[in-house]
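These notes are about the structure you will find just below.
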Amino acid sequence: MSGETHILVLHGPNLNLLGTREPGHYGRHTLAAIDAGLQAQAAAWGWQVESVQSNAEHVLIDAIHRAPDTGCQYIIINPAAFTHTSVALRDALAAVQIPFIEVHLSNIHAREPFRHHSYFSDLAMGVISGLGADGYLLALQAIHRRLESA
Ligand SMILES: O=C(O)[C@]1(O)C[C@H](CCCOc2ccccc2)[C@@H](O)[C@H](O)C1
């Protein structure tokens, strides 16, 4: 693996509330704790992980547009409610052509029907849904395994 591996982690709207409300659906881990876990694993591998959380669609889109300029090789994204609504965010990921893993804390397929459709899953390298905060680390590990086997 030549050069440092750079991963962009994107968290969509309301995920800043993690750990404070709705533990039944989203667990008790705060977003800061999730990001700290990713940073710790990344540091062990000598990787760089950049995390962006925003309640604004355009901020997430702008982060995706910047990703190629930062040498980002993979994206891990929890689009949150934008999962079910945002063609714009989908189009940004399709435009930069950086492989991404879609992560959801809850199992969106076991919830309300409106959560069963994702504008991202058919473009994703893979989807992890329902494994809580572990899903993010599992996504990072899947990227590591892919890079190790390349
Ligand atoms: O399960 C997931 O990770 C979701 O992406 C979370 C979104 C909601 C993120 C809001 O997170 C909160 C956390 C704590 C309190 C309130 C909302 C939801 O709209 C998706 O259908 C599934």
Side-chain angles (χ1 to χ4, degrees), residues 5-45 47-68 70 72-147:
T5 300
H6 181 122
I7 309 293
L8 175 62
V9 181
L10 298 174
H11 304 290
N14 298 303
L15 286 167
N16 53 300
L17 298 177
L18 278 183
T20 64
R21 298 180 181 84
E22 296 202 48
H25 283 302
Y26 305 124
R28 298 189 182 281
H29 291 82
T30 63
L31 198 61
I34 288 170
D35 283 341
L38 293 172
Q39 289 294 342
Q41 180 58 82
W45 293 331
W47 288 13
Q48 188 180 350
V49 168
E50 175 192 0
S51 284
V52 174
Q53 187 279 326
S54 182
N55 300 325
E57 187 179 47
H58 76 276
V59 169
L60 298 169
I61 289 170
D62 292 345
I64 291 167
H65 288 175
R66 283 195 306 272
T70 65
C72 174
Q73 292 165 270
Y74 289 87
I75 294 170
I76 296 171
I77 180 169
N78 183 343
F82 291 151
T83 304
H84 317 297
T85 63
S86 182
V87 175
L89 207 45
R90 173 195 171 93
D91 287 349
L93 286 165
V96 300
Q97 297 199 328
I98 294 173
F100 70 91
I101 296 176
E102 179 183 352
V103 174
H104 298 287
L105 297 152
S106 66
N107 178 354
I108 60 173
H109 301 291
R111 299 186 64 190
E112 305 94 324
F114 73 81
R115 298 186 197 274
H116 296 176
H117 175 261
S118 165
Y119 278 102
F120 301 86
S121 297
D122 62 308
L123 297 180
M125 169 179 148
V127 181
I128 301 171
S129 186
L131 300 183
D134 288 346
Y136 289 96
L137 270 178
L138 290 168
L140 197 65
Q141 288 167 357
I143 292 165
H144 187 261
R145 288 171 64 86
R146 181 161 292 202
L147 286 171

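Start at 1 and go down the list; that is how both ligands and their atoms are numbered. Heavy-atom basis, side chains included; hydrogens, waters and symmetry copies ignored.
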Donor-acceptor check, side chain of Ser129 to backbone of Ile108, threshold 3.5 angstrom: yes or no? yes
His116 (side chain) donor-acceptor with Arg111 (main chain) under 3.5 angstrom: yes
For His117, all residues meeting ring pair (Phe, Tyr, Trp, His ring centres under 6.0 Å), sequence neighbours excluded: Tyr119
For residues 33-44, dump all side-chain donor-acceptor pairs below 3.5 Å to protein atoms at least two apart in sequence or in another chain.
residue: Asp35; atom: OD1; partner: His11; partner atom: NE2; Å: 2.9
residue: Asp35; atom: OD1; partner: Ser51; partner atom: OG; Å: 2.9
residue: Gln39; atom: NE2; partner: Val49; partner atom: O; Å: 2.7

Please tabulate, for the side chains in residues 53-66, all donor-acceptor contacts under 3.5 angstrom to protein atoms that are two or more places apart in sequence or on a different chain.
residue: Gln53; atom: NE2; partner: Gly12; partner atom: O; Å: 3.0
residue: Gln53; atom: NE2; partner: Asn16; partner atom: OD1; Å: 3.3
residue: Gln53; atom: NE2; partner: Asn55; partner atom: OD1; Å: 3.0
residue: Ser54; atom: OG; partner: Ala56; partner atom: N; Å: 2.9
residue: Ser54; atom: OG; partner: Ala56; partner atom: O; Å: 3.3
residue: Asn55; atom: OD1; partner: Asn14; partner atom: N; Å: 2.8
residue: Glu57; atom: OE2; partner: Ser86; partner atom: OG; Å: 2.4

Can you tell if the side chain of Thr83 reaches within under 4.5 Å of the side chain of Glu102, non-hydrogen atoms only? yes
For ligand 1, list the protein residues that place a heavy atom within a distance below 4.0 Å of one of its atoms, sorted by chain and number. Pro13, Asn14, Leu15, Leu17, Leu18, Arg21, Glu22, Tyr26, Asn78, Ala80, Ala81, His84, His104, Leu105, Ser106, Ile108, Arg115
